[in-house]
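Numbering of ligands and ligand atoms starts at 1, following listing order. No hydrogens, no waters, no symmetry mates; every other heavy atom, side chains included, goes into these values.
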Amino acid sequence: QQRVTVIGGGLAGTECAYQLARRGVPVVLREMKPHKRSPAHKSDTLAELVCSNSLRSDNPESAIGLLHAELRALGSLVLASADLHRVPAGDALAVEREGFSREITTRLQSGVELVGGEVERLPEDGVVVVATGPLTSEALTVDLERHVGTKLYFYDSIAPILSGDSIDLDIAFRQSRYGKGGGDDYLNLPMTKDEYYRFVNEVKAGQKVVPHSFEEPKYFEGCLPIEVMAERGDDTLAYGPMKPVGLKDPRTGTDPYAVVQLRMEDRAGTAWNMVGFQTRLTWGEQKRIFSTCIPGLQNAEFLRMGQIHRNTFIDSPRLLAEDLSLKTERRVFFAGQVTGVEGYVESAACGYLVALAVHARLTGTPFVPPPATTALGSLYRHLTGEAHPPDHPHQPTNVIYGLFPPLSGRMKKADKRAAYSARAKQDLAAWLPLAGVVAQTEGQTSA
Ligand code: FAD
């Protein structure tokens with residue numbers, strides 16, 4: 001059978017290689033460590049957790065906890081290894097990082113051919129999975145640009161996303177600047193002069209995340225963090241992303257001094273992006289400052305926090321085919337954070353999906369994507385662009401309920417998560433046989 005080359009032995013590459021080998025596909029996994037390391041990688045083992053040792057909430061009613069549950073049902077290597085090396089951390093799935101990585105490395109040593117050294121150019125032929133992550137080496141980045149035909153994204157500035165039903169609609173009003181587009185595409189949170197200056201002062205004083213040495217800020221002028229703008233002058237934000245021009249509060253008939261604009265993140269309007277609010281404020285400070293200083297956000301639920309870091313990723317919705325292979329070069333697949341998913345578990349999940357797609361290709365069977373209603377399916381929909389309005393810029397995201405198709409009917413917020421989770425569980429069970437996966441029962445680990 002044809003041999004598959006997986007490049008990158010991180011969270012996505014190890015899961016992908018392992019799942020292919022389990023299905024009888026000969027696999028070579030090429031990892032540049034220990035010969036060369038990215039500025040964030042330190043250890044010699046595979047699947048290194050470069051920062052936190054937490055795989056986040058394990059509560060199956062949270063979107064990430066649901067993804068954990070789905071990966072367990074699929075017999076994921078990453079989840080099985082995390083469960084084996086779990087350390088107490090409340091409802092989070094935290095792991096003893098060295099044991100976790102060693103476990104994965106050992107399991108891969110039988111069944112997968114491991115080859116060390118940097119891959120500077122994609123192999124000339126054969127099926128290749130690129131899983132080199134957010135810190136893909138420079139030489140390979142250049143070569144990938146040649147293959148995909150565009151520059152890869154480099155700095156990733158992410159603005160927070162809010163749950164639609166947590167925004168106070170007695171304060172927010174729908175309107176586009178000068179009535180452009182449909183006239184009411186945006187939700188606007190109006191601010192008085194006093195409210196605006198209080199906000200600016202809090203942003204300036206708020207605690208920021210210190211960049212890693214390899215992440216020296218090189219911001220694009222059009223994409224500056226709010227705290228950088230606030231430092232340039234107290235009115236800079238009011239002339240930038242918070243400019244109130246072309247907007248009138250319909251309830252008071254007045255012109256706000258400044259506004260925070262929210263843009264629809266999903267077609268159903270369950271999730272809203274804070275336009276231009278990329279920031280290095282710590283997550284705690286974002287929650288505190290935004291909910292106490294921005295009218296209408298006093299009860300805001302943050303589906304994703306703002307962040308800025310170096311990140312190499314491709315414009316997946318435009319470049320990738322249905323099976324996550326390059327439209328223009330179908331033997332080349334992409335997996336993990338380089339596709340524009342964000343996070344350890346999301347990257348492993350993407351690696352698993354790509355293993356299914358490659359296996360389908362090699363066996364001449366159709367690739368059956370996971371149902372849209374599952375956590376796996378929501379990530380897949382993010383990569384194909386289906387989870388977003390047309391022309392939505394591709395931005396990395398963790399798994400969040402904003403990527404799921406909305407639930408039908410009205411229900412209390414507290415019941416929503418349980419309903420998302422129950423719907424996903426049912427639909428996943430129906431999909432597993434179609435994907436050729438034998439469901440793992442609870443407590444069983446993938447062998
Ligand atoms: P990686 O896990 O990065 O794996 C890619 C692998 O490819 C690496 O082992 C690398 O050595 C190898 N490689 C790169 N180029 C080449 C090449 N040319 N040839 C051969 N091998 C190559 N996520 C979280 O969930 N929680 C966090 O706290 C967190 N903190 C982060 C902090 C930083 C500084 C960074 C950069 C990322 C952080 N992330 C965090 C994101 C997380 O690291 C990624 O989501 C996840 O590791 C991506 O998995 P991956 O397999 O796609 O890439």
message: Give the atom numbers and elements of ligand 1 that come within less than 4.0 Å of a heavy atom of Gln337.
response: 41 (C), 42 (C), 44 (C), 45 (O), 46 (C), 48 (C), 52 (O)
query: Should Ala12 be counted as touching ligand 1, given the test is an N or O pair under 3.5 Å?
result: yes
task: Give the numbers and elements of all ligand 1 atoms closer than 4.0 Å to a heavy atom of Leu140.
output: 18 (N)
- prompt: Hey, are Lys204 and Glu202 close enough for a salt bridge, meaning a charged N less than 4.0 Å from a carboxylate O?
  reply: no
Note: Glu96-Arg86 ion pair, threshold 4.0 Å (strictly below): no
- prompt: Are the side chain of Glu48 and the backbone N or O of Ser101 linked by a donor-acceptor pair below 3.5 Å?
  reply: no
- prompt: Side chain or backbone of Cys350 under 4.0 Å from ligand 1, or both, or neither, by non-hydrogen atoms?
  reply: neither
field: Distance-only polar pair, side chains of Glu342 and Thr397, donor-acceptor under 3.5 Å
entry: no
query: Is any side-chain N of the basic residue among Arg417 and Glu301 closer than 4.0 Å to the acidic one's carboxylate O?
result: yes
message: Considering Ala348, Ser347, Pro396 one by one, which has a heavy atom nearer to atom 46 (C) of ligand 1 than any of the others?
response: Ser347
field: Backbone of Arg318 reached by a side-chain donor or acceptor of Lys327 within 3.5 Å
entry: yes
query: Any chance the rings of Tyr352 and Tyr18 have centres within less than 6.0 Å?
result: no
message: Please enumerate all residues that pass ring pair (Phe, Tyr, Trp, His ring centres under 6.0 Å) together with His392, with sequence neighbours excluded.
response: His388
Kindly list each side-chain donor-acceptor pair under 3.5 angstrom involving residues 129-137, sequence neighbours excluded, with atom names and distances?
residue, atom, partner, partner atom, Å
Thr132, OG1, Thr136, OG1, 2.9
Thr136, OG1, Thr132, O, 3.3
Thr136, OG1, Gly133, O, 2.7
Ser137, OG, Glu118, OE2, 2.7

- prompt: Does any N or O atom in Glu342 lie less than 3.5 angstrom from one in ligand 1, N or O only?
  reply: no
- prompt: Is the Phe290 ring parallel, tilted or perpendicular to the Phe199 ring (thresholds 30°, 60°)?
  reply: tilted
message: Checking contacts here: is it the side chain or the backbone of Val119 that comes within 4.0 Å of ligand 1, counting heavy atoms only? Could be both or neither.
response: both
field: Sub-4.0 Å atoms of ligand 1 with respect to non-hydrogen atoms of Val50
entry: 31 (C), 32 (C), 33 (C), 35 (C), 37 (C), 38 (C), 43 (O)
query: Within less than 4.0 angstrom of ligand 1, does Pro134 place any heavy atom?
result: yes
query: N/O to N/O below 3.5 Å, does that happen between Glu48 and ligand 1?
result: no
- prompt: Does any N/O atom on Val338 come nearer than 3.5 Å to any N/O atom on ligand 1?
  reply: no
task: Could you list which atoms of ligand 1 come closer than 4.0 Å to a heavy atom of His41?
output: 3 (O), 8 (C), 9 (O)
message: Counting only heavy atoms, tell me which of Glu31, Lys33, Glu346, Arg37 gets closest to atom 10 (C) of ligand 1.
response: Glu31
message: Within ligand 1, which atoms have a heavy atom of Glu118 less than 4.0 Å away?
response: 18 (N), 19 (N)
query: By number and element, which atoms of ligand 1 are closer than 4.0 Å to a non-hydrogen atom of Gly336?
result: 52 (O)
task: Would you check whether Leu11 has a nitrogen or oxygen atom less than 3.5 angstrom from a nitrogen or oxygen atom of ligand 1?
output: yes
- line: So the atoms of ligand 1 within less than 4.0 Å of a heavy atom of Arg30 turn out to be 20 (C), 21 (N)
- prompt: Which is closest to atom 36 (C) of ligand 1 by heavy-atom distance: Leu135, Asn311, Leu122, Thr45?
  reply: Leu135
message: Using modelled atom types and a 3.5 Å cut-off, is there a donor and acceptor pairing between side-chain atoms of Glu70 and backbone atoms of Leu428?
response: no
